[in-house]
Colleague: 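Sharing a structure, written as structure tokens. Questions coming.
Along the sequence shown, the residues carry numbers beginning at 1. For the numbers below, each heavy atom of this structure counts, side chains included, while hydrogens, waters and symmetry mates do not.
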Amino acid sequence: MKDQEIFDHLFKLASYSEDKKGIVSACLVRNGEIIAEGFSNNEGWHAEYAAIKDAEAKNITISNEDIMYTTIIPCAKRTPGGPGEKYGDCVTNIINAGIKHVVYGTDNAKSGSGVEKRFEEAGVMLTKTAEENITEESRKIFNESCVDPNDRI
């Protein structure tokens with residue numbers, strides 16, 4: 001699968017989420033095929049965490065060659081006391097899972113500082129898509145699902 005096909009799948013996957021804080025979807029890709037996927041939800045699961053948990057549920061061992069695709073740059077912090085604090089931030093979850101390459105659709109200034117630095121220190125390559133249509137669709141899906149306008153990017 002090419003990047004556009006993967007992101008098209010993520011955009012369809014997003015339709016299953018009812019996350020009121022901004023829908024994000026993610027998947028793990030191995031040798032051009034999606035092996036695990038997930039989306040954010042109102043219980044505090046972020047998409048990257050959900051995709052990692054999907055891989056675990058399928059008894060898939062994540063390898064260094066697997067690539068995490070996500071519609072929004074992974075978060076580097078969680079809101080203290082928030083519903084998802086116990087699940088940890090996405091940067092930590094990705095690093096701990098052994099993922100070495102992340103491709104994302106659009107930025108989010110609220111993701112927390114240090115995403116790039118933490119990934120670099122852990123040997124994780126972070127790549128933003130160069131396709132403007134992917135960036136715009138990722139942002140649109142996120143923003144249209146935010147109940148609070150202050151959550152929009």
Side-chain angles (χ1 to χ4, degrees), residues 6-7 9-30 34-129 134-153:
I6 293 166
F7 277 101
H9 177 79
L10 291 179
F11 299 149
K12 287 179 197 166
L13 184 63
S15 68
Y16 295 106
S17 177
E18 296 177 0
D19 190 348
K20 293 176 172 61
K21 292 209 159 271
I23 294 172
V24 180
S25 52
C27 65
L28 278 168
V29 175
R30 178 179 292 163
I34 296 170
I35 59 170
E37 60 190 19
F39 49 82
S40 58
N41 67 34
N42 290 318
E43 286 76 46
W45 282 40
H46 283 185
E48 298 87 342
Y49 180 80
I52 292 166
K53 288 299 182 185
D54 185 44
E56 288 176 10
K58 294 175 177 175
N59 292 317
I60 295 171
T61 301
I62 296 171
S63 77
N64 289 342
E65 290 78 37
D66 296 339
I67 302 170
M68 170 75 71
Y69 281 79
T70 183
T71 54
I72 308 289
I73 192 169
C75 74
K77 66 176 184 169
R78 294 300 296 254
T79 304
E85 181 183 25
K86 62 186 169 193
Y87 305 118
D89 67 84
C90 296
V91 170
T92 300
N93 289 328
I94 289 167
I95 292 168
N96 289 344
I99 298 164
K100 294 298 183 186
H101 190 183
V102 176
V103 178
Y104 69 99
T106 194
D107 292 303
N108 181 356
K110 298 174 186 177
S111 291
S113 63
V115 173
E116 294 90 351
K117 182 180 180 196
R118 288 182 59 203
F119 276 151
E120 183 179 338
E121 288 172 352
V124 178
M125 182 176 13
L126 180 65
T127 307
K128 181 179 178 184
T129 182
I134 292 172
T135 298
E136 289 305 314
E137 186 66 16
S138 296
R139 186 178 296 119
K140 178 182 171 198
I141 289 169
F142 184 88
N143 286 338
E144 287 181 353
S145 61
C146 290
V147 172
D148 184 346
N150 294 319
D151 290 335
R152 295 184 182 141
I153 56 176

Colleague: Are E136 and R139 within salt-bridge range, i.e. N to O under 4.0 Å?
Modeller: yes
Colleague: Angle between ring planes, Y49 versus W45, binned at 30° and 60°: parallel, tilted or perpendicular?
Modeller: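 Y49 vs W45 ring planes: perpendicular.
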Colleague: Can you tell me which residue among Y104, F39, F142 is in a side-chain contact (heavy atoms from CB on, under 4.5 Å) with V24?
Modeller: F142
Colleague: According to side-chain hydrogen bond (donor to acceptor under 3.5 Å, both in side chains), does anything in residues 50-63 pair up with another residue at least two apart or in another chain? List the pairs.
Modeller: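 As it turns out, the side-chain hydrogen bond (donor to acceptor under 3.5 Å, both in side chains) pairs with a partner in residues 50-63, which skip direct neighbours, are K53-E56, D54-K58, S63-E65, S63-D66.
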Colleague: Judged by atom type as modelled, is there a donor-acceptor pair below 3.5 Å linking the side chain of N42 to the main-chain atoms of E18?
Modeller: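 Yes.
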Colleague: Can you tell me if K128 has over 12 outside heavy atoms packed within less than 6.0 Å of its NZ?
Modeller: yes
Colleague: At what distance, to the nearest 0.5 angstrom, does CG of D107 lie from CD1 of I73?
Modeller: 5.5 Å
Colleague: To the nearest 0.5 Å, what is the distance between OG1 on T71 and CD1 on I141?
Modeller: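 Going from the OG1 atom of T71 to the CD1 atom of I141 covers 7.0 Å.
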Colleague: If we ignore hydrogens and angles and just use 3.5 Å, is the side chain of E120 paired with the main-chain N or O of E116 as donor and acceptor?
Modeller: no
Colleague: List in chain and number order the residues that pass salt bridge (charged side-chain N to carboxylate O under 4.0 Å, His left out) with K12, two or more places apart in sequence or in another chain; answer none if no residue qualifies.
Modeller: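 Expected list: none.
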Colleague: If you measure from CG on N93 to CZ on R78, what distance do you get to the nearest 0.5 Å?
Modeller: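 With rounding to 0.5 Å, CG (N93) is 8.5 Å from CZ (R78).
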Colleague: Working to the nearest 0.5 angstrom, can you tell me the gap between D151 CG and C146 SG?
Modeller: 5.0 Å
Colleague: Please round to the nearest 0.5 Å and tell me the distance separating atom CD1 of I23 and atom CG of L10.
Modeller: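 That separation rounds to 12.5 Å.
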Colleague: What is the distance from atom CD1 of I94 to atom NE2 of H101, rounded to the nearest 0.5 Å?
Modeller: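 Here the rounded value is 11.5 Å.
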Colleague: What's the verdict on side-chain contact (heavy atoms from CB on, under 4.5 Å) for S138 and F11, showing C-alpha distance, side-chain angles and the deciding distance?
Modeller: CA-CA 8 Å; S138 296; F11 299 149; 3.5 Å; yes
